[in-house]
Peer 1: 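Starting off with a structure, shown below.
Computed from heavy atoms alone, side chains included, the values below leave out hydrogens, waters and symmetry copies.
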Amino acid sequence: MVLIAPSMLSADFSCLKDEVKALAMAGADWIHLDVMDGHFVENLTFGPMVIKSIRPYTNLPFDVHLMVDNPSKMIPWFVNAGADIITIHAEACKHLDRAVELIKSYGKKAGVSLNPSTPETVLEYVADKLDLVLVMSVNPGFGGQSFNPLMIEKIAKIKTMFKGKKALIEVDGGINALTAAECKAAGADVLVAGSAVFANGDYKKNIEALR
């Protein structure tokens, strides 16, 4: 069954402790944390101190997505904050293999994210080392965008590329009940959803609808 990773970008920032506890009770599988630096993307969210402050309130895996320039510098910060999975952008790394190895040296799971216009072929030489591939189905930086349908073919290509390998395929951006089904059919293992989970406050019902 597909895993659901609610994006805290859509949570109520005034009570993040309560939000992560509520998501765990509602049946979320992972907690997805979008870290934006205002440089790699034109938005600014939260850093390691915020993540560390909510870490004690759930045992769910923290899926930390670094949308930042120079991610290698920040990887140790998020290891110490309690990340279980750290995903970096291929577009932000001068030395992608080295950055992946750094994540793994801390005993954490390593992911690589691709913007919509980035071809999946950039993963070829790190494929055996990855635990996760994150396909951005919108241009990163802001929640509430519409799903890019061209990413269905991209998901399918990555699924074929990673056949027999351990990496899960995650999709982020414009996920709702309809696009969730399309992504799952194309080969997605994990779905990141923001507004589709947090809308109307019924997290359990919304997560079940995505499944």
Side-chain angles (χ1 to χ4, degrees), residues 3 5 7 9 29-43 45-48 51-52 55 61-141 148 150-173 183 186-192:
L3 301 177
S7 171
L9 192 61
D29 298 294
W30 296 355
I31 299 294
H32 188 82
L33 296 144
D34 289 303
V35 176
M36 306 181 190
D37 65 356
H39 296 282
F40 181 71
V41 293
E42 294 182 3
N43 197 3
T45 54
F46 42 75
I51 293 174
K52 187 174 183 178
R55 177 69 279 186
F62 272 13
D63 175 28
V64 176
H65 177 195
L66 299 184
M67 287 181 262
V68 301
D69 284 337
N70 194 15
S72 293
K73 177 182 178 181
M74 301 186 192
I75 286 166
W77 305 352
F78 293 96
V79 169
N80 293 332
D84 298 289
I85 307 157
I86 298 178
T87 298
I88 54 180
H89 269 264
E91 304 87 358
C93 292
K94 292 181 179 179
H95 306 287
L96 183 58
D97 182 75
R98 183 182 297 168
V100 169
E101 288 283 3
L102 179 60
I103 296 169
K104 305 208 49 100
S105 73
Y106 286 103
K108 303 300 180 179
K109 292 186 177 180
V112 171
S113 183
L114 303 179
N115 286 340
S117 63
T118 303
E120 64 281 354
T121 51
V122 304
L123 301 171
E124 184 176 358
Y125 293 105
V126 294
D128 290 330
K129 299 179 180 181
L130 297 182
D131 300 289
L132 186 75
V133 176
L134 173 52
V135 177
M136 293 302 300
S137 45
V138 298
N139 289 307
N148 183 339
L150 295 176
M151 296 304 102
I152 295 297
E153 181 181 357
K154 188 174 188 178
I155 295 165
K157 287 180 178 178
I158 293 171
K159 189 70 172 181
T160 298
M161 176 187 293
F162 280 81
K163 185 177 181 180
K165 302 184 188 303
K166 64 181 178 179
L168 298 177
I169 300 173
E170 184 175 41
V171 185
D172 183 0
C183 291
D189 304 294
V190 187
L191 301 175
V192 177

Peer 1: Working to the nearest 0.5 Å, report the span between CG of Asp37 and CG of Leu66.
Peer 2: 9.5 Å

Peer 1: Kindly state each residue pair satisfying salt bridge (Lys or Arg N to Asp or Glu O under 4.0 Å) with at least one member in residues 107-116, sequence neighbours excluded.
Peer 2: none

Peer 1: Is there side-chain contact between Val122 and Val112, with heavy atoms separated by less than 4.5 Å?
Peer 2: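 Side chain of Val122 against side chain of Val112, heavy atoms only: no contact under 4.5 Å found.
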
Peer 1: If you define the side chain from C-beta out and look only at heavy atoms, does anything of His89 sit under 4.5 Å from Met136?
Peer 2: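 Yes, at least one pair of side-chain atoms sits under 4.5 Å.
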
Peer 1: For a quick test of reading the model, state the closest non-hydrogen atom pair linking Asp29 to Leu3 and the distance between them.
Peer 2: OD2-CA, 3.4 Å

Peer 1: Can you confirm whether Val190 sits close enough to Leu134 that some side-chain heavy atom of one is under 4.5 Å from a side-chain heavy atom of the other?
Peer 2: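 No - every pair of side-chain heavy atoms lies 4.5 Å or more apart.
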
Peer 1: Considering the options Leu33, Asp172, Ile31, Leu132, which one meets the side-chain contact (heavy atoms from CB on, under 4.5 Å) requirement together with Asp63?
Peer 2: Leu132

Peer 1: Just so I know, are the side chains of Asn43 and Asp34 near enough to count as touching, which here means a heavy-atom distance under 4.5 Å?
Peer 2: no

Peer 1: Shortest non-hydrogen contact from Leu114 to Ala90?
Peer 2: CD2-CB, 3.9 Å

Peer 1: Which atom pairs, one a donor and one an acceptor, fall under 3.5 Å between side chains of residues 71-86 and the rest of the protein, sequence neighbours left out?
Peer 2:
{"from": "Asn80", "atom 1": "ND2", "to": "Pro76", "atom 2": "O", "distance (Å)": "3.2"}
{"from": "Asp84", "atom 1": "OD2", "to": "Arg55", "atom 2": "NH1", "distance (Å)": "2.9"}
{"from": "Asp84", "atom 1": "OD2", "to": "Phe62", "atom 2": "N", "distance (Å)": "2.7"}

Peer 1: Atom CG in Asn148, atom CG in Asn115: separation rounded to 0.5 Å?
Peer 2: 11.5 Å

Peer 1: Do Cys183 and Ile155 touch side chain to side chain, with heavy atoms closer than 4.5 Å?
Peer 2: yes

Peer 1: Which value, rounded to the nearest 0.5 Å, describes the distance between Ile152 atom CD1 and Ser137 atom OG?
Peer 2: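 So the gap between those two atoms works out to 8.0 Å.
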
Peer 1: If you compare all heavy atoms of Phe40 against all heavy atoms of Met67, which two are closest, and at what distance to 0.1 Å?
Peer 2: CD2-C, 3.6 Å

Peer 1: Tell me which donor-acceptor pairs under 3.5 Å the side chains of residues 97-105 have, and how far apart each pair is, sequence neighbours excluded?
Peer 2:
{"from": "Asp97", "atom 1": "OD1", "to": "Lys129", "atom 2": "NZ", "distance (Å)": "2.6"}
{"from": "Asp97", "atom 1": "OD2", "to": "Lys129", "atom 2": "NZ", "distance (Å)": "3.2"}
{"from": "Glu101", "atom 1": "OE2", "to": "Lys129", "atom 2": "NZ", "distance (Å)": "2.7"}
{"from": "Lys104", "atom 1": "NZ", "to": "Lys129", "atom 2": "O", "distance (Å)": "3.4"}
{"from": "Lys104", "atom 1": "NZ", "to": "Asp131", "atom 2": "OD2", "distance (Å)": "2.8"}
{"from": "Ser105", "atom 1": "OG", "to": "Leu102", "atom 2": "O", "distance (Å)": "2.6"}

Peer 1: Which residues pass the salt bridge (charged side-chain N to carboxylate O under 4.0 Å, His left out) test with Lys165, sequence neighbours left out?
Peer 2: Asp128

Peer 1: Look up atom CG in Leu130 and atom CD1 in Ile169, then write down how far apart they are to the nearest 0.5 Å.
Peer 2: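 The CD1 atom of Ile169 is 11.0 Å from CG of Leu130, to the nearest 0.5 Å.
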
Peer 1: Listing request: all salt bridge (Lys or Arg N to Asp or Glu O under 4.0 Å) pairs with a residue in residues 150-160, at least two apart in sequence or in separate chains.
Peer 2: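 Pairs touching residues 150-160 that pass the test: Glu153-Lys157, Lys159-Asp189.
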
Peer 1: Which pairs with one or both residues in residues 115-124 pass salt bridge (Lys or Arg N to Asp or Glu O under 4.0 Å), sequence neighbours excluded?
Peer 2: none

Peer 1: Is a side-chain donor or acceptor of Ser7 paired with a backbone partner of Val192 at a separation under 3.5 angstrom?
Peer 2: no

Peer 1: Go through it in stages, so that I can follow the logic: the residues are His32 and Glu170, the test is side chain to side chain contact (heavy atoms under 4.5 Å, CB included), and I'd like the CA-CA distance, side-chain angles, deciding distance and then a yes or no.
Peer 2: CA-CA 11 Å; His32 188 82; Glu170 184 175 41; 3.8 Å; yes

